[in-house]
Amino acid sequence: MNLLEFKKRISANKTTAKNWPEIIRFREKLEDSKENIIWIYRGQSSNKGLKTSLERTIKDYKLGKEDPFDIEFVLTDRFRRNLTTVDPTVSKDLSPVELFALMQHYGAPTRLVDFTYSFYIALFFALENFQGNSPTIWCIDGLWFQEQTINHLGITEKEFMPGKCGKDFKKYFMKVNGKSVKRAVYQLTPYQLRRWTQLVGQPERQNKL
């Protein structure tokens with residue numbers, strides 16, 4: 001799905017809960033639907049938009065004029081070279097998604113945003129550092145979201161598995177050999193699951209969002 005369209009869609013329908021019973025009723029209404037929906041959730045301590053740690057790093061270090069793919073390459077290259085020191089048990093043949101997930105696990109900036117299949121886990125993170133802001137839970141229909149992105153990218157492969165197949169991820173989400181990459185975000189789960197579901201997008205400059 002196009003990034004701007006995604007931003008509009010997820011902001012279109014908002015529900016405010018003022019107490020615990022209202023939160024429970026919202027969850028029940030959401031998950032008791034008879035439709036074919038697989039919800040994915042993200043809890044945040046404020047109602048600010050979805051930003052990757054890579055985007056925040058680019059902004060904080062004022063790297064907006066740099067190619068974000070180049071910044072990402074330097075970070076992943078440095079991480080790979082130190083991987084055996086960080087975790088000697090990790091396979092050296094990680095797919096790009098698995099590598100990003102592992103970097104995210106250790107706090108390195110990546111293009112990933114953590115999501116979970118559990119409403120209550122998202123609720124925990126929304127309230128964990130609550131300081132009077134606007135704790136927010138993002139609720140996205142994962143199946144619908146994947147379908148929209150596949151159509152946006154013009155994907156025709158019957159078995160499109162970028163979370164498990166490295167070649168699929170590189171073809172559509174990596175800037176390999178100077179080829180252009182269509183701006184998109186996609187919901188996937190790394191084959192080696194170390195964290196929760198990941199929402200992945202092209203690394204973007206902060207001022208383009």
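Computed from a predicted structure; not experimentally measured. Side-chain atoms are counted along with the backbone in the values below, which use heavy atoms only and exclude waters and symmetry mates.
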How about Met103 and Leu75: do any of their side-chain heavy atoms sit closer than 4.5 Å? yes

How long is the span from the CZ atom in Arg81 to the OG1 atom in Thr76, to the nearest 0.5 Å? 10.0 Å

What distance do Lys175 atom NZ and Glu72 atom CD have between them, rounded to the nearest 0.5 Å? 11.5 Å

Taking every non-hydrogen atom, the tightest pair across Ser95 and Gly163: OG-O, 4.4 Å

If you group Ile, Leu, Val, Met, Phe, Trp and Tyr by side-chain heavy-atom gaps below 4.5 Å, do Phe169 and Val181 land in one group? no

How far apart are the C-alpha atoms of Leu99 and Phe79, what are their side-chain angles, what is the distance that settles it, and do they pass the side chain to side chain contact (heavy atoms under 4.5 Å, CB included) test? CA-CA 9 Å; Leu99 180 63; Phe79 189 83; 3.8 Å; yes

Here the pair of heavy atoms bringing Trp138 nearest to Gly49 is CZ2-CA, 4.1 Å

Does the side chain to side chain contact (heavy atoms under 4.5 Å, CB included) test come out yes or no for Tyr117 and Ile40, once each step is laid out? CA-CA 5 Å; Tyr117 291 114; Ile40 56 175; 3.6 Å; yes

Heavy-atom distance under 4.5 Å between the side chains of Phe119 and Glu31, does that happen here? yes

Is Glu128 reaching over with its side chain to a backbone N or O of Ser45, donor-acceptor style, under 3.5 angstrom? no

Rounded to the nearest 0.5 Å, the CD1 atom of Ile140 sits from the CD atom of Gln146 at a distance of 11.5 Å

Going from CG on Leu63 to NZ on Lys65, what distance comes out if it is rounded to the nearest 0.5 angstrom? 11.5 Å

Centroid separation Tyr186 to Tyr172 less than 6.0 Å: no

Heavy atoms from other residues, nucleotides or ligands near NZ of Lys179 exceed 12 (cutoff 6.0 Å): yes

Pair Leu83-Leu102, side chain to side chain contact (heavy atoms under 4.5 Å, CB included): steps then yes or no: CA-CA 10 Å; Leu83 188 56; Leu102 187 60; 3.4 Å; yes

Is there a path from Val74 to Ile71 through hydrophobic residues (I, L, V, M, F, W, Y) whose side chains come within less than 4.5 Å of each other? no

Phe145 versus Val185: any side-chain heavy-atom pair under 4.5 Å? yes

Would you say Phe115 and Leu123 are hydrophobically clustered, going by side-chain heavy atoms of ILVMFWY under 4.5 Å? no

Is there a path of hydrophobic side-chain contacts, each under 4.5 Å between heavy atoms, that joins Phe173 and Ile155? yes

Do Glu157 and Lys167 sit within salt-bridge range, that is, some charged N less than 4.0 Å from a carboxylate O? no

On a heavy-atom basis, which atom in Pro109 and which in Ser53 lie closest, and how many Å separate them? CA-OG, 3.3 Å

Tell me whether Gln44 contacts the main-chain N or O of Lys48 through its side chain, where contact means a donor paired with an acceptor under 3.5 Å. yes

Before giving the answer on side chain to side chain contact (heavy atoms under 4.5 Å, CB included), spell out for Glu22 and Thr15 the whole-Å C-alpha distance, their side-chain angles and the decisive distance to 0.1 Å. CA-CA 10 Å; Glu22 290 184 2; Thr15 300; over 6 Å; no

Quick check: are there more than 12 heavy atoms from other residues, nucleotides or ligands sitting under 6.0 Å from OH of Tyr120? yes

Separation between CG (Asp32) and CZ (Arg25), nearest 0.5 Å, reads 13.5 Å

Heavy atoms only: give me the nearest Pro162-Val97 pair and the separation to one decimal. O-CG2, 3.3 Å

Is there a side-chain contact between Phe100 and Thr52 (heavy atoms, below 4.5 Å)? no

Testing the basics here: between Ala184 and Leu153, what is the closest heavy-atom pair and its distance to 0.1 Å? CB-CD2, 3.7 Å

Do Tyr106 and Asp87 have side chains that get closer than 4.5 Å, going by heavy atoms? yes

Count I, L, V, M, F, W, Y as connected when their side-chain heavy atoms are under 4.5 Å apart, and connections chain through other members. Are Val113 and Ile38 then in the same cluster? yes

Asn47 (side chain) donor-acceptor with Thr136 (main chain) under 3.5 angstrom: no

Count the heavy atoms belonging to other residues, nucleotides or ligands that lie under 6.0 Å from NZ of Lys182, then report whether that count exceeds 12. yes

pair Asp114-Arg42: side-chain heavy atoms closer than 4.5 Å: yes

Are the side chains of Thr116 and Phe125 in contact, using a 4.5 Å heavy-atom criterion? no

Side-chain touch Phe73/Asp67, heavy atoms, less than 4.5 angstrom: no

Check Gly64 against Ile58 and note the closest heavy-atom contact, atom names and distance. N-CG2, 3.9 Å

Spacing of Glu98 atom CD and Lys164 atom NZ [to the nearest 0.5 Å]: 11.0 Å

